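Worksheet: the structure to be examined is printed underneath.
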Amino acid sequence: MPFSFKRNLIILVPALLSLLTGCAVTSMEYEPVKAGAPADLAAMVSSLESTPKGPIRFRKIVAADWAVARDGLINFEHPEALKAGLEEGLEPIQIYFYAIEHPQHGLFLVDTGMAAIFAEESDNWPVSSLVKSAMNMDKLQVRVTTKNWLEQNGSPRGVFLTHMHLDHILGSRDIDKSVPFYIGPDESTYGAFMNMFVQGTTDDVLGTDRKLQELRFPTPGANPSVAAADDPQKGRMRILDFFGDGSFYAIHVPGHTAGSMAFIVRSTEGLQLIVGDTCHTAWGWKHNVPPGSFTMDQEGNAHSLDALQSLVQELPGLRIHLGHQSL
Ligand SMILES: [Zn+2]
């Protein structure tokens, strides 16, 4: 049959192409959103240095205890890790989300915590058995469900996702569909081979008709006055002053995923840095070693981690909140 070959080719070529280029983390549509004001690093740092306290009530919530493979959380091939002789095994970690409460703009969350369904029998979870076992999800112990927390604190106006890995969106189903989820550049569309296995679960966990809004960051290097010859990272950091009043900055930190974001909060208690999964563990932060196999782009992740480490050097007193462990 001369046509069957051609027909098979029509089916096979897109499948092979998607194997080579990978598929997106979700099939859900997003819309670009112009929110916040572009900020430059030098101006942000000097303003934060002079006035570290601000209007935001900041809370960190431990949503679950968990344990996953250490070599996923830490790059074992990094010279520091080799020197320390780290051993494979399960590393105890936690899942966090953050409440950002602005006196005028209201309540926002960073990441989503754990939906009430994850406090039920795992057979009911909207997660494929492949993903469940690959992510070691039988080790998840929910402490607070997002549903319970929101019942006591009210519904948020928006949710910022540090990135779209499953462990950061597990609370989505407890959050109203009208609430926008803000994501970083290319976060929902960037192709990766792994996504072929997680896309269906990511869609299910997010829930249908989720309102994904991709933040527009200033173009890298658009502000040459900030670039310094001794520190090429400086001009490249892309920062948004989300509320436009210097109280909450989103920073694009590509590497762990394409659209990973970190956040600086000028809180009533002082400066807070939400690192996200650019660094998962306390050991990784102290030794400046990026995550291992859980990271998409080692080099990009290392650059972003260096940039955050140098930011911390410039802002003593800033409290650091890592992806999955507390310092
Ligand atoms: Zn994570």
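Model, not experiment: these values are computed from the prediction. In each ligand, atom 1 is the first atom listed, and ligand 1 is the first ligand listed.
- When only modelled atom types and interatomic distance are considered, Asp245 and His105 share no side-chain donor-acceptor pair under 3.5 Å.
- When distances from the Zn ion (ligand 1) to the N, O or S atoms of His324 are compared, NE2 comes out shortest.
- Salt bridge present: Asp65 and Arg143 bring a charged side-chain N and a carboxylate O closer than 4.0 Å.
- Between Glu187 and Glu214 there is no side-chain heavy-atom pair separated by less than 4.5 Å.
- Within Asp167, the N/O/S atom positioned nearest the Zn ion (ligand 1) carries the name OD2.
- Taking 2.8 Å as the criterion, His163 does not count as a coordinating residue of the Zn ion (ligand 1), since none of its N, O or S atoms falls below it.
- Nearest to the Zn ion (ligand 1), among the N, O or S atoms that Asp277 has, is OD2.
- Within a 6.0 Å radius of CD in Glu151, more than 12 heavy atoms belonging to other residues, nucleotides or ligands are found.
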